[in-house]
Chemist: 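Sharing a structure below in structure tokens format, with a few things to ask.
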Amino acid sequence: MSAVKKGEQETGDAQVHKIRMTLNSQQTDNIEKVCRDLIAQAKQKKIKVTGPVRLPTKTLKLHTRKTPNGEGSKTWDRYEMRIHKRIIDLHTSSAVLRQILNINIETGVQVDVTILNN
């Protein structure tokens, strides 16, 4: 006899979770390649995948004077950094997630994994 009642799922790794993966990068090529690889791995394991959802690009701007002492013509340097963000949602157990995340992640791409409540 099992300790689990009819209609209830067993707690542990076999339980299906909604997992949100957030990817950040400065280069679009790297982040798109990682998204393609993650989705290909998930579809190979027959997992329900939602995304990638492309969030608006954050642009960080910095303006500085070219001359350090303030003399001379007032010329400015303008620098900007763009941060691209993608969200992928998976419906799977945490054991299968470890197998999916076993891919080569490009340099400069940050991956955050969050398990959401159902």
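Predicted, not measured: the structure shown is a model, and the values here were computed from it.
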Chemist: Could you list all the salt bridge (charged side-chain N to carboxylate O under 4.0 Å, His left out) pairs where at least one residue sits in residues 44-64, not counting sequence neighbours?
Modeler: E32-R54
Chemist: Return the CD1 to CD1 distance between I47 and I100, rounded to the nearest 0.5 Å.
Modeler: 3.0 Å
Chemist: With hydrophobic residues grouped by side-chain heavy-atom distances under 4.5 Å, do L101 and I31 end up in a single group?
Modeler: yes
Chemist: Measure the CD1-CZ distance between I87 and R20 for me, rounded to the nearest 0.5 Å.
Modeler: 5.0 Å
Chemist: NE2 of H17 to OG of S93: how many Å apart, nearest 0.5 Å?
Modeler: 7.5 Å
Chemist: Please walk me through it: do R86 and V34 pass side-chain contact (heavy atoms from CB on, under 4.5 Å)?
Modeler: CA-CA 10 Å; R86 306 285 187 266; V34 172; over 6 Å; no
Chemist: With heavy-atom distances below 4.5 Å as the criterion, would you say the side chains of D112 and N24 are in contact?
Modeler: yes
Chemist: Nearest 0.5 Å please: distance from the CG atom of L97 over to the CG atom of L38.
Modeler: 9.0 Å
Chemist: Which heavy atom in S25 sits nearest to a heavy atom in G108, and how many Å separate them?
Modeler: OG-O, 3.3 Å
Chemist: In residues 67-81, what donor-acceptor pairs under 3.5 Å come from side-chain atoms, sequence neighbours left out?
Modeler:
from: T67; atom 1: OG1; to: R65; atom 2: NH2; distance (Å): 3.4
from: T67; atom 1: OG1; to: E71; atom 2: O; distance (Å): 3.4
from: N69; atom 1: OD1; to: E71; atom 2: N; distance (Å): 3.1
from: E80; atom 1: OE2; to: R82; atom 2: NE; distance (Å): 3.0
from: E80; atom 1: OE2; to: R82; atom 2: NH2; distance (Å): 3.0

Chemist: Is any side-chain heavy atom of T57 less than 4.5 Å from a side-chain heavy atom of T28?
Modeler: no
Chemist: Are the charged groups of K33 and D29 less than 4.0 angstrom apart, N to O?
Modeler: no
Chemist: Would you give the length of the straight line joining atom CD1 of I115 to atom CD1 of I19, rounded to the nearest 0.5 angstrom?
Modeler: 5.0 Å
Chemist: In Å, rounded to the nearest 0.5 Å, how long is the span from CD1 of I39 to CD1 of I88?
Modeler: 4.5 Å
Chemist: Considering non-hydrogen atoms only, spot the tightest contact between T107 and N30 and give its length.
Modeler: O-ND2, 3.2 Å
Chemist: Honestly curious: do V16 and V49 fall in one hydrophobic cluster under the side-chain, below-4.5 Å linking rule?
Modeler: no
Chemist: Could you state whether V113 and L90 fall into the same hydrophobic cluster, counting links through intermediate Ile, Leu, Val, Met, Phe, Trp or Tyr residues with side-chain heavy atoms under 4.5 angstrom apart?
Modeler: yes
